[in-house]
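Reckoned from all heavy atoms, side chains included, excluding hydrogens, waters and symmetry mates. Note that ligands are numbered from 1 as they come in the structure, with each ligand's atoms numbered from 1 the same way.
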Amino acid sequence: MDLSKKAVDFIDEDFLHGLINKEQPTKARIREIVAKSLNKIALSVEETADLVRTTDPELHEEIFAAARQLKENVYGNRIVLFAPLYIGNDCINDCTYCAFKRSNFQAVRRTLTPDEIKQQVTALEDHGHKRLILVFGEHSRYDADFISDTVRNVYSVRSGHGEIRRVNINAAPLDVEGYKKVKESGIGTYQIFMETYHHDTYTKMHPGNTRKGNYLYRLDGLNRAFEAGIDDVGLGVLFGLYDWRFEVLAMVRHALYLQETYNVGPHTLSFPRLRPAQGVEFDEQYFTTDDEFKRIIAILRLAVPYTGLILTARENPELRRELMSFGVSQIDAGSRIELGGYTEAGDAQVMEREQFSLADIRSLDEVMCQLMSDGYVPSFCTSCYRSGRTGEHFMEFSIPGFIKRYCTPNALLTLEEYLVDYSSPETRKVGEKLIEEELAKMEDGDMKQRTIKQLEEIKQRNVR
Ligand code: SAM
Ligand code: SF4
């Protein structure tokens, strides 16, 4: 069966390896590239390669500083929060790194029933979550109809003041018809991680004649999504499988390819690092160190100024705190990745039921409190998506600084909702102070007055 309707290989490995092996760029060249990025212009693959190649510690620091600056200029101090919801871990593939692989006979296989999904969503809503990413193994039972029904089910759950306002998807690539069905259910971003863009490594990591083993079908997965009308997509690399420098360049190449081909870049990039997982043994040759990981995030920030960067709870709290400043725009919080984990697992992580182990299992409230103490404004805002500002439209709005001007007030309103409806007294105190500080920073005018009025209305809602 030809799985690939139109397999496009836009990754030229020789070219990318050639860029990695060129001579060291000069200080002046790096500074010129950094200046371009600070002007919010996306970098070419060649320019990104120069940032990747430089070994000068002084320039690394300058890249970090620029990434912090760019994040502040484009996104302000907002951080978007979400939680993963694992729907089912049946899987026909045998990805060497994942505990859900079919050869892991110790894995407890389970697919949540519609009622169980409702219970999980209720628990998430009761903690204050508004955005979820649904995660699926790859199996014929998780087809487009199943995914669409699950999305509708999630949106239908209302608990107290709770509602899920945005449902993103992390699932296997579909065919065009499948994507059309899933789009109709009202999804946010459709994420497909390429895992590794290096063809030989990809083949090694996905052994057997598996669906996922077809490199080009996966690489082409987001082209089919665009063909089906989905213009909100996410890319990702699983760092630790191959040379991080190659992966960064390939992911940037993929992002630029989408931008050139469809006039819309990816909404988000993800950069998970390998974590211990049941039944999995790693070859450590390409493990990414913390220092390299910092560089990866900072360089991605500079390369694609308007693309969201997602940092997950695979990283520990201390490192997350540091990495956040290099340009991350979204994190998960209060995450449980064992099936049914939001109501069943308590605080312990259950290896047999997890895809891999998490390094940050703090509650949403704890994460919120720390973020706000560090001066970030956690946001549950979904208004762009709700008003149709995605894809090409989203890019138009985001380019002239829209995010900072409009997203900050929206972030404050959704934060106030969280504080009033869900937070602990301590977190509320920290949050109210932060909101006051943010209001003080806003320019006087209609926008500020409207925000103050709406904040008051949210507070009154609970007094009545
Ligand atoms: N099954 C679908 C697929 O493979 O595309 C959906 C995504 S899978 C459940 C979610 C992601 O988890 C994978 O794309 C992979 O990048 C990541 N992952 C798998 N094993 C991991 C591990 N041991 N450590 C960290 N991340 C891992
Ligand atoms: Fe299955 Fe996805 Fe895990 Fe691969 S990464 S084994 S496809 S769940």
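No side-chain donor from either of Y418 and T427 sits under 3.5 Å from a side-chain acceptor of the other. No hydrogens or angles considered: a donor-acceptor pair under 3.5 Å links the side chains of R166 and T189. Judged purely by distance below 3.5 Å, without hydrogens or angles, the side chains of N223 and Y262 pair a donor atom with an acceptor atom. Side chain to side chain, Q119 and T122 fail the donor-acceptor criterion of an N or O pair below 3.5 Å. Between the side chains of R211 and Y217, at least one donor-acceptor pair of N or O atoms lies under 3.5 Å.
A salt bridge is absent between K101 and D94; no separation between the charged side-chain nitrogens and carboxylate oxygens falls under 4.0 Å. The pair R218-E195 meets the salt-bridge criterion, since a charged nitrogen lies less than 4.0 angstrom from a carboxylate oxygen. A salt bridge does not link K212 with E138: none of the charged nitrogens is closer than 4.0 Å to a carboxylate oxygen. R245 has no carboxylate O lying under 4.0 Å from a charged side-chain N of E292, or vice versa, which leaves the two without a salt bridge.
Residue-ligand proximity, G137 to ligand 1, at heavy-atom distances under 4.0 Å covers atoms 1 (N). Counting the atoms of ligand 1 from 1 in the order shown, those under 4.0 Å from a heavy atom of C98 are 19 (C), 20 (N). Within ligand 1, the atoms closer than 4.0 Å to a non-hydrogen atom of F193 are 14 (O), 16 (O), numbered from 1 in the order shown. Annotation for ligand 1: atoms under 4.0 Å from non-hydrogen atoms of L274 are 24 (N), 25 (C). Interface atoms of ligand 1 facing V135, defined by a heavy-atom separation under 4.0 Å, are 9 (C).
The nearest heavy-atom contact from the protein to atom 4 (O) of ligand 1 is K212 NZ, 2.7 Å. Scanning the protein for heavy atoms near atom 17 (C) of ligand 1, the closest one is R314 NH2, 3.5 Å. Y97 O, 2.8 Å is the protein heavy atom nearest to atom 23 (N) of ligand 1. Summary of contacts: the protein heavy atom closest to atom 1 (N) of ligand 1 is F136 O, 2.9 Å. In terms of protein heavy atoms, atom 11 (C) of ligand 1 is closest to Q355 NE2, 3.9 Å. When only non-hydrogen protein atoms are considered, atom 14 (O) of ligand 1 lies nearest to E195 OE2, 2.5 Å. For atom 27 (C) of ligand 1, the nearest non-hydrogen atom of the protein is F356 CD2, 3.6 Å. Looking only at heavy atoms of the protein, atom 24 (N) of ligand 1 is closest to R275 N, 2.9 Å.
Centroid-to-centroid, the aromatic rings of Y202 and H198 stay 6.0 Å apart or farther. The ring of H127 has its center no closer than 6.0 angstrom to the ring center of Y422. Ring centroids of H129 and F82 are separated by 6.0 Å or more, keeping the two rings apart.
Relative to the ring axis of F293, R273 places its NZ or CZ within 45° and under 6.0 Å from the centre.
Contacts of D374 classified as side chain to side chain contact (heavy atoms under 4.5 Å, CB included), with partners at least two apart in sequence or in another chain: R321, Q370, Y376.
Judged by the shortest distance from any of its heavy atoms, R218 lies inside the 4.0 Å radius around the atoms of ligand 1. Taking 4.0 Å as the cut-off, V280 does not count as a neighbour of ligand 1 on heavy-atom distance.
Looking only at protein N/O/S atoms, the ones less than 2.8 Å from atom 1 (Fe) of ligand 2 make 1 in total.
Scanning N170, T96, T196, I87 for the heavy atom closest to atom 7 (C) of ligand 1 points to N170.
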